[in-house]
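Everything below concerns the one structure shown next.
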Amino acid sequence: MMLTARSFASARTSRRTVCHVSASKAKLFDVPVSNNGARNRFIIRKKGLEGQIDIVTPQTIGGLKSPEYLALNPQGKMPLLVTESGWPLPESEVISQYLLDKYASHSPSLVANTPEGRARANLATRIHDVYIVPIQGCMYRTMDSVETRAKQIEQIAFQLNVLEGIVQGPFVAGSEITAADAALFPTFVFFDFILPTYFGWKDVFAGKPKLKSWWENMKKDAEGAKIYEEIRGGLQGWANNNRWRDQGITDHVANSAYKWAY
Ligand SMILES: N[C@@H](CCC(=O)N[C@@H](CS)C(=O)NCC(=O)O)C(=O)O
C-alpha cells in the first residue's frame, strides 16, 4: 500500500518523539489508511493506551523501505510495534494479541468470554488474514493481469459470504467487541468505499444481513467511527489523485469479458 500524504503527527513532532521515547514509550509505526494497522490503533484507543504507545508514521525514520525501517522490519510493511524495551514486533494480528495480553488489566478485554466466542473471533480473523488480506490489493493496486484481478474480486465476494456465515451479531463473536471486530472492520471500509465506486457493486452488504447489521454497529462505536474517518480520508485522497485511473484499474473494469460486480 502506498503511504498517504496525511500522517498522524508532523515530521517535527515525530522526530522529537523518536529521539526521546525509544527507551520508555512504545511506538506503533502506521498511517491512517492502513487497514492492517487500524486493528492495532483501534485496540490502543479502546483500551486507552495512548499514554503508553505513540502512533507515528514510518516516514519519521525514512519510510517503509528505508534501511532504518528495514532493520526493524525486513518485510518493509506496516504496522510495526517497537515495544518500550526497543523490541520490534511486526504483523498486525501478533501485535493485537500482544496488546491484549500485555494490557489485559486495561478494560475492555476485547476477548470473548467463552471458548466458542474466542474460537469464532479467531476464525473470522483468520479467514480475513489468510484469504482476504493477501489479495486486497486487487481493489486498488496496479496488476498486469486483468484475469487475475477479476478472479481476486470474485474471491473477495466469496469470502464475504463465508464471513456472513461466521459473524454472530451484534459483533463478530457476540455481545462484546473483540479483536476480531478490530481486524475486520477496517478492511470493510475499503470494501464499502471501493467496490461500489470502482467495480460497480450495488451494495457490498446485499444479501448479508448479519454483516450489514455488524457494519452499522461498528460505525456507531466511537473508535470504529474514528477508524472509518481515518481510512475513508486516505481512500478519498487516493481518489482525488485519480489512483484508480492511473493504476489501470478503470481500464480493467471496462473489460466486459470479466465479471466485476457481485
Ligand atoms: N500480514 C501483514 C500485512 C501488512 C501489510 O501488507 N501492510 C500494508 C499496509 S496495510 C503495507 O505495509 N504495505 C506496504 C508495502 O507492502 O509496501 C500484517 O498483518 O501486518
Side-chain angles (χ1 to χ4, degrees), residues 1-8 26-44 53 55-83 87-101 110 121-144 148-149 152 155-156 159 163 172 178-194 226-238 241 243 246-247 249:
M1 184 182 305
M2 302 273 294
L3 280 180
T4 171
R6 297 175 62 201
S7 63
F8 292 102
K27 273 197 301 259
L28 182 78
F29 288 95
D30 200 27
V31 301
V33 79
S34 152
N35 63 318
N36 287 299
R39 78 181 81 183
N40 304 142
R41 288 165 6 229
F42 184 96
I43 291 172
I44 288 167
I53 305 171
I55 303 174
V56 297
T57 166
Q59 288 300 346
T60 56
I61 55 169
L64 291 176
K65 312 301 175 195
S66 71
E68 289 82 355
Y69 193 88
L70 292 173
L72 296 170
N73 181 6
Q75 311 285 358
K77 290 183 185 294
M78 61 194 150
L80 169 73
L81 181 74
V82 178
T83 68
W87 181 43
L89 183 63
E91 290 299 320
S92 58
E93 189 52 29
V94 177
I95 296 169
S96 281
Q97 294 305 320
Y98 171 79
L99 295 176
L100 299 190
D101 192 9
L110 302 175
N122 288 340
L123 178 60
T125 303
R126 193 159 176 83
I127 297 290
H128 171 268
D129 288 354
V130 172
Y131 299 114
I132 296 176
V133 170
I135 60 166
Q136 67 176 52
C138 72
M139 292 185 288
Y140 56 82
R141 272 196 179 143
T142 188
M143 287 174 84
D144 289 340
T148 303
R149 190 187 300 282
Q152 293 185 346
Q155 183 60 205
I156 285 178
Q159 297 302 338
L163 288 173
V172 168
T178 67
D181 298 289
L184 268 58
F185 180 68
T187 307
F188 274 75
V189 182
F190 273 61
F191 294 152
D192 179 63
F193 185 94
I194 298 173
K226 181 149 195 210
I227 292 293
Y228 179 84
E229 290 305 326
E230 282 177 350
I231 295 179
R232 272 192 82 95
L235 295 174
Q236 189 58 57
W238 289 358
N241 290 331
R243 181 186 178 105
D246 294 351
Q247 304 273 336
I249 300 167

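We use all heavy atoms of the structure for the numbers below, so side chains are in, but hydrogens, waters and symmetry mates are not. Every number for a ligand or one of its atoms is a count from 1 in the order of the listing.
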Give the atoms of ligand 1, by number and element, whose distance to some non-hydrogen atom of [X] is under 4.0 Å.
{"X": "Asn35", "value": "10 (S)"}
{"X": "Pro79", "value": "20 (O)"}
{"X": "Leu64", "value": "12 (O), 14 (C)"}

Margin query: With side-chain contact (heavy atoms from CB on, under 4.5 Å) as the criterion, how do Gln136 and Arg141 come out once you've worked through the C-alpha distance, each side chain's angles and the decisive distance to 0.1 Å?
Written below: CA-CA 9 Å; Gln136 67 176 52; Arg141 272 196 179 143; over 6 Å; no

Next item on the list: Could you tell me if the ring centre of Phe185 sits under 6.0 Å from that of Phe42?
Entry: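 No, too far apart.
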
Next item on the list: Nearest heavy atom to atom 17 (O) of ligand 1 wins, so pick from Met78, Arg141, Lys65, Lys77.
Entry: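 That would be Lys65.
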
Item checked: Closest heavy-atom pair and its distance - Ala179, Leu100 ->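 Nearest heavy atoms, Ala179 then Leu100: CB-CD1, 3.8 Å.
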
Note to self: Applying a heavy-atom cut-off of 4.0 Å, say which part of Asp129 lies close to ligand 1: side chain, backbone, both or neither.
What the structure shows: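 Neither part.
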
Note to self: Any nitrogen or oxygen of Glu91, side chain or backbone, less than 3.5 Å from one on ligand 1?
What the structure shows: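 So ligand 1 has an N or O lying under 3.5 Å from an N or O of Glu91.
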
Checklist line | Ile43, Leu81, Ile44 screened by side-chain contact (heavy atoms from CB on, under 4.5 Å) with Ser96, the one that passes | finding: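 Of all the options given, the one that passes is Ile43.
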
Notebook entry, point to check: Using 4.0 Å as the upper bound for N to carboxylate O, is an ion pair formed by Arg126 and Glu93?
Noted result: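 Salt bridge between Glu93 and Arg126, a charged N being under 4.0 Å from a carboxylate O: no.
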
